[in-house]
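Along the sequence shown, residues carry numbers from 1. Both ligands and their constituent atoms are indexed starting at 1 by order of listing.
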Amino acid sequence: MYDFDLVLPASVAEAAAAMKADGAQALGGGQTLLPTMKQRLASPEVLVNLSGLSELVGVSSASGTLSVGGATTHAQVASEASDFPGLADLANHIGDPAVRNRGTIGGSLANNDPAACYPAGALGAGATIVTDKREISADDFFVDLFETALEEGEIVTGVNFPIPDVSNYQKFVQPASRFALVGVFVARFGSTVRVAVTGASNGGVFRWSDAEAALSKDFSADAVNGLAIAADDLIADLHGSAEYRAHLIGVLTRRAVQAAS
Ligand SMILES: Cc1cc2nc3c(=O)[nH]c(=O)nc-3n(C[C@H](O)[C@H](O)[C@H](O)COP(=O)(O)OP(=O)(O)OC[C@H]3O[C@@H](n4cnc5c(N)ncnc54)[C@H](O)[C@@H]3O)c2cc1C
């Protein structure tokens, strides 16, 4: 690990000011960033610790929206997001207890790992990512692998999730990492259904529009029968071929619809 300075801001305003320093980087739960620094693959000169900021921590719901602070841990979402059980269940299956008790929703979304769970939840629910500067719709937030619409120094302060009528996340776990080999989040709002897929695409999390159209007409597992995703742009690695991932997307979508129903 290279040397760095650690800033412990007392407010989001202080954190935003500290993020203007050359080489500054936000520190959430450190579950991704710290191992990367230990391997000397990242060398921020200044770490701005967000996880101690109480104004960034918490889960609340009002008027059909669940709001989660940007530095809220996965464990807290799992135990407190009871108004949105599909999201609570997603958070409860991230990594292991150590990861869930340190990792944060803001860190997960900002990192945008192609196999992470929260990007599927945020895109599948049509969430809004709130930063210290603006609000970004999930449809615009996830740009590419490990790339988001966040600008240099921008801090995820919270996420607003419209609460669906029913929802479910199905993850086919890659057992060595516990990330998703493939994960599918399904959410139904009235007659409108959103389906987001993680772990599968070379472009990162994406919406499966054919499944959304079919499920919006008929919210049943059978409605997905006969639909298929082309394997061409899907991830192929030692854990699974592109064709295997394409197959899993259909299976997990049907399971998610069944579980949500
Ligand atoms: C063993 C293991 C298993 C895991 N399994 C899963 C899994 O099953 N599913 C899953 O989804 N994830 C999994 N993770 C990842 C975990 O969810 C982490 O929480 C996540 O990668 C990063 O969150 P963090 O708060 O630790 O962020 P950090 O590691 O602190 O930071 C990650 C990146 O986000 C930036 N950042 C952090 N917070 C903010 C913020 N509020 N605003 C802007 N930028 C910010 C940092 O600068 C850095 O670039 C796993 C991790 C480990 C180590």
Nearest protein heavy-atom contact for atom 46 (C) of ligand 1: which residue, which atom, what distance?
A26 O, 3.1 Å
Quick one: nearest non-hydrogen protein atom to atom 28 (P) of ligand 1, plus distance?
G30 N, 3.5 Å
Return yes when D113 approaches ligand 1 closer than 4.0 angstrom through a heavy atom, no otherwise.
no
Ligand-residue contact atoms, ligand 1 with G103, heavy atoms, under 4.0 Å:
19 (O), 25 (O), 26 (O)
Proximity of V99 to ligand 1 by residue part, where a heavy atom lies under 4.0 Å
side chain
Provide the number and element of each atom of ligand 1 under 4.0 Å from a heavy atom of E154.
43 (C)
Show me which atoms of ligand 1 lie under 4.0 Å from any heavy atom of A116.
10 (C), 11 (O)
Under 6.0 Å between the ring centres of Y118 and H74?
yes
What protein heavy atom is closest to atom 7 (C) of ligand 1, reported as residue, atom name and distance in Å?
G95 N, 3.4 Å
Ligand-residue contact atoms, ligand 1 with R178, heavy atoms, under 4.0 Å
7 (C), 8 (O)
For A71 and ligand 1, answer yes if some heavy atom of the residue is under 4.0 Å from a ligand atom, otherwise no.
no
Decide yes or no on side chain to side chain contact (heavy atoms under 4.5 Å, CB included) for L181 and V173, but give the supporting numbers first.
CA-CA 6 Å; L181 186 67; V173 176; over 6 Å; no
In terms of side-chain heavy atoms, does T131 have a donor or acceptor partner in E154 at a distance below 3.5 Å?
yes
NE2-CD distance between H247 and E243, expressed to the nearest 0.5 angstrom
12.0 Å
Same cluster (ILVMFWY, side-chain, under 4.5 Å), V205 and I235
no
With backbone taken as N, CA, C and O and side chain as the heavy atoms from C-beta onward, which portion of L50 lies under 4.0 Å from ligand 1: side chain, backbone, both, or neither?
side chain
Identify, by atom number and element, the atoms of ligand 1 in contact range of G29, meaning under 4.0 Å from any of its heavy atoms.
24 (P), 25 (O), 26 (O), 27 (O), 30 (O)
Quick one: pull up CZ in F4 and CG in L27 and give me the separation to the nearest 0.5 Å.
8.0 Å
Can you tell which of A91, A180, A42, G107 gets a heavy atom nearest to atom 37 (C) of ligand 1?
G107
Give the residue and atom name of whichever protein heavy atom lies nearest to atom 18 (C) of ligand 1, and the separation in Å to one decimal.
Q31 CB, 3.7 Å
Under 3.5 Å, is there a donor-acceptor pair between the S220 and D222 side chains?
no
If we set the cut-off at 4.0 Å for heavy atoms, which region of K171 has an atom near ligand 1: side chain, backbone, both, or neither?
side chain
Ligand 1 contact on S177 by region, counting heavy-atom pairs under 4.0 Å
backbone
Could you tell me whether K133 atom NZ has more than 12 heavy atoms of other residues or ligands within 6.0 Å of it?
yes
Quick check: does T104 get an N/O under 3.5 Å from an N/O on ligand 1?
yes
Has ligand 1 got any nitrogen or oxygen that is less than 3.5 angstrom from a nitrogen or oxygen of V156?
yes
Mind checking whether R100 has a heavy atom under 4.0 Å from ligand 1?
no
Closest by any non-hydrogen atom to atom 21 (O) of ligand 1: pick that one out of N112, L27, T32.
T32
Is the NZ or CZ atom of R194 both under 6.0 Å from the centre of the six-membered ring of F189 and within 45° of that ring's axis?
no
I'd like to know if the side chain of K171 and the backbone of F185 have a donor-acceptor N/O pair within less than 3.5 Å.
no
Give the residue, atom name and distance (to 0.1 Å) of the protein heavy atom nearest atom 48 (C) of ligand 1.
Q25 NE2, 3.6 Å
Is the shortest heavy-atom distance from the side chain of V77 to the side chain of L87 under 4.5 Å?
yes
How far is atom 15 (C) of ligand 1 from the closest protein heavy atom, and which atom is that?
F179 CZ, 3.5 Å
Nearest heavy-atom approach of P9 to A15 is CB-N, 3.5 Å
Of all protein heavy atoms, the one nearest atom 31 (O) of ligand 1 is L33 CB, 3.8 Å
To the nearest 0.1 Å, how far is atom 45 (C) of ligand 1 from its closest protein heavy atom, and which atom is that?
A110 CB, 3.6 Å
Do T104 side-chain atoms and G28 backbone N/O form a donor-acceptor pair below 3.5 Å?
no
If we count only N and O atoms by modelled type, under 3.5 Å, do the side chains of N160 and S67 hold a donor and an acceptor together?
yes
